[in-house]
Amino acid sequence: MPDPAEQAAFLTRNTVEDLPKGALEARLKAAAGERRPLRVKLGLDPTAPDLHLGHTVVLQKLREFQDFGHRVVLIVGDYTARVGDPSGRSQSRPPLTGEQIDANAATYQDQAFRVLRDDPELLEVRRNSEWLDMGMEELFRLARTTTVAQLLERNDFANRFAARTPISILELLYPLMQGYDSVAIRADVELGGTDQTFNLMLGRDVQRAYGMAEQCVLTVPILPGLDGVEKMSKSLGNQIGVTDAPEEMYGRTLSLPDAAMPDWVALLALDGVPAQAGPRDTKRAIARAIVRRFHGDAAALAAEEAFDRVFITHELPDVVPDITVDAGDDGMVHLPAVIATAFGRSRSEARRLLAEGAVKLDGAPTGEADLASGAVAGKVLQVGKRSYVRVHLGSTER
RNA sequence: GGCGGGAUUCCUGAGCGGUCAAAGGGGCGCGGCUGUAAACCGUGUGGCUCUGCCUUCGAAGGUUCGAAUCCUUCUCCCGCCA
């Protein structure tokens, strides 16, 4: 195992801040002296069930801690999720129900294991309901640790306060609860995105108030989403989910603006991306590396081939779903109805698509709404560039 | 407690009694182009048994030949004063 200085150097690469400066190295030394691993905290809010690449940046960093033998404490914020952290938002989030939180927490945990090592020595998963379901007395003690002025230093609170948009007491409580998590699990280090800096630092204050050594704070950069500008987030639709299908991951990655490529390579710590290559080849390598990480080598190559086939040579994908339709009494097939059921669109929309020339049968554009059953049987119905279905006639044809 | 302002289609935001399925922007769809599902340009964007019909403008009532637009009550949100 590398010595503390080497570990610190490795662990702080690709991070934004290590606060207070040099604290991580000092803590690593102290822990080494006590012959114990660090307790490294990450809180996850189970507000949405699916993890995306943006989450994996910090998970990847946690994984590095694990690889040095440190213990990651993953906190599923089942209690804080009921509050809704307003970080970076102008509005508080709607609270979730208990069942939603439980379901989300389960999938979160599951998906986090695609990056983290699931070894009980190296990983501890806790829920903050274990300690946040506290009595008033205890809440008072927590509330006394911080002043409103301190909380208002946080940017989004300050902005909202200045703009006179509402800030609920509950939201102000959020950073305190997150800080209390650090007390409860005796965190040595807490990780988070740069948008979490305030909360992470406040955790130190709370720990101090409880007579505990203050945690080190390590912030990682925010991964830009597929638009190359906004933070990757599901609500913006610019994300790649860790459970996305290989072809989906590959194709979506190719839509990344060229300028965002270096960030992705660095933040995601991708391997096998050539440093000197044209943007086209670089991006293809990035896409392959991402698919490889979550689905393996074979899937990466297959995804690339599938993409080339559909988007470059405009051939059919290798798997085309089948659909069975029935012709009407007159032996005609009503295309809008078929499109509506096959692709989950409305019939009105299907008619528009038909009129726009977006509908093809075996590659040939069709504008007709009604076709003789013989004209569609066995053919591939295509809507747009990405939706295909092979049409079969039902047994009730006459 | 008092006084004002507001709730519109996925989001934002016009609309101020008929010409409103409702401007503009965003998003999204489709087409073109491209190494790409990017950028850019064009176009579309409530539903349906589609030259017409049905449903929508916080909720419920009402006025009117006719209401997103006027009135009443209710619900929720915001601001100011205390």
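Reckoned from all heavy atoms, side chains included, excluding hydrogens, waters and symmetry mates. First the proteins, then the strands, lettered A, B, ... as listed; each starts at 1. For clarity, every value in this text was computed on a predicted model and none was experimentally measured.
Searching all strands for a Watson-Crick or G-U wobble partner of B:A82 with both distances below 3.5 Å returns nothing. In this structure B:A7 sits in a base pair with B:U75, meeting the Watson-Crick or G-U test at under 3.5 Å. Base pairing of B:U56: no nucleotide in any strand meets the Watson-Crick or G-U wobble criterion (both distances under 3.5 Å). Pair check for B:G42 finds B:C30; Watson-Crick or G-U wobble, both atom distances under 3.5 Å.
Rounding to whole angstrom units, CG of residue A:Leu226 and P of B:A39 are separated by 11 Å. Rounded to whole angstrom, the span from the CZ atom of A:Arg280 across to the P atom of B:A38 amounts to 17 Å. If you measure from atom CZ of A:Arg345 to atom C1' of B:G47, you get 16 Å, rounded to the nearest angstrom. Taking atom CZ of residue A:Arg347 and atom P of nucleotide B:U55, one finds them 19 Å apart after rounding to whole Å. A:Lys360 has its NZ atom 6 Å from the P atom of B:G32, to the nearest Å. Rounded to whole Å, the distance from CD1 on A:Ile339 to P on B:C48 is 12 Å. Note: CD (A:Glu356) to C1' (B:C30) measures 4 Å, nearest angstrom. Rounded to whole Å, the distance from NE2 on A:His314 to P on B:G35 is 10 Å.
Comparing B:A38, B:U45, B:G35 by their nearest atom to the side chain of A:Arg352 picks out B:U45. Taking every side-chain heavy atom of A:Ala358 into account, B:G31 is the closest of B:G31, B:G35, B:G47. Considering only the side chain of A:Lys385, B:C33 comes nearest among B:G47, B:C33, B:G29.
When heavy atoms are screened at a 4.0 angstrom cut-off, A:Asp227 is found touching no nucleic acid atom at all.
Taking atom P in both B:U9 and B:A59, one finds a spacing of 10 Å when rounded to whole Å. Rounded to a whole angstrom, the distance from the C1' atom of B:G6 to that of B:A38 is 40 Å. Nucleotides B:U55 and B:A21 place their P atoms 13 Å apart, quoted to the nearest Å. Across the P atoms, B:G27 and B:C11 are found 15 Å apart, a figure rounded to whole Å. Separating the C1' atom of B:A67 from that of B:G61 is a span of 14 Å, rounded to the nearest Å. Comparing the same atom, C1', in B:G44 and in B:G35 gives a spacing of 28 Å after rounding to whole Å. On the C1' atoms, B:A22 is 14 Å away from B:G18, given to the nearest whole Å. Taking atom C1' on both B:U73 and B:G26, the two are 37 Å apart, rounded to the nearest angstrom.
Taking every heavy atom of residues 284-293 of chain A and every atom of RNA chain B, no pair lies under 4.0 Å. Of the residues in residues 241-253 of chain A, A:Glu247, A:Glu248, A:Gly251, A:Arg252 come within less than 4.0 Å of RNA chain B through at least one heavy atom, sorted by number.
Donor-acceptor pairing under 3.5 Å, judged by distance alone, is absent between the side chain of A:Glu349 and the base of B:G29.
For the pair A:Leu256 and A:His334, nearest-nucleotide mapping onto RNA chain B gives the more 5' position to A:Leu256. Nearest-nucleotide positions on RNA chain B place A:Leu353 closer to the 5' end than the other of A:Leu353 and A:Lys283.
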**Request:** Test salt bridge (Lys or Arg N to Asp or Glu O under 4.0 Å) on A:Lys61 and A:Glu64 and set out the steps.
**Result:** CA-CA 5 Å; A:Lys61 187 52 71 181; A:Glu64 292 173 11; 2.9 Å; yes
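Hydrophobic clustering, defined by side-chain heavy atoms of Ile, Leu, Val, Met, Phe, Trp and Tyr closer than 4.5 Å, groups A:Val217 together with A:Leu19, A:Leu200, A:Met201. Hydrophobic cluster membership for A:Ile222: none, as no Ile, Leu, Val, Met, Phe, Trp or Tyr side chain comes under 4.5 Å of it.
Residues A:Gln7 and A:His70 form a side-chain contact, since some pair of their non-hydrogen atoms from C-beta on lies under 4.5 Å apart. A 4.5 Å side-chain heavy-atom check between A:Leu393 and A:Val325 finds at least one atom pair inside the cut-off.
Taking OG1 of A:Thr366 as the reference point, atom CG of A:Leu381 lies at 7.5 Å (rounded to 0.5 Å). Expressed to the nearest 0.5 Å, how far OG1 of A:Thr243 lies from NE2 of A:His52 amounts to 12.0 Å.
Exactly one of A:Asn128, A:Asp181, A:Asp133 qualifies for a side chain to side chain donor-acceptor pair (under 3.5 Å) with A:Tyr79. That residue is A:Asp133.
For A:Arg126, the salt bridge (Lys or Arg N to Asp or Glu O under 4.0 Å) partners two or more places apart in sequence, or in a different chain, are A:Glu124, A:Glu130. Applying the ring pair (Phe, Tyr, Trp, His ring centres under 6.0 Å) criterion to A:Phe113, with sequence neighbours excluded, gives no partner residue.
At B:G46, none of the side-chain N or O atoms of A:Ser348 fall inside 4.0 Å of OP1 or OP2 (strictly under the cut-off).
Side-chain contact check for A:Gln207 and A:Ser182: no donor-acceptor pair (N or O, by modelled atom type) lies under 3.5 Å.
Atom CD of A:Glu34 has more than 12 neighbouring heavy atoms from other residues, nucleotides or ligands inside a 6.0 Å radius.
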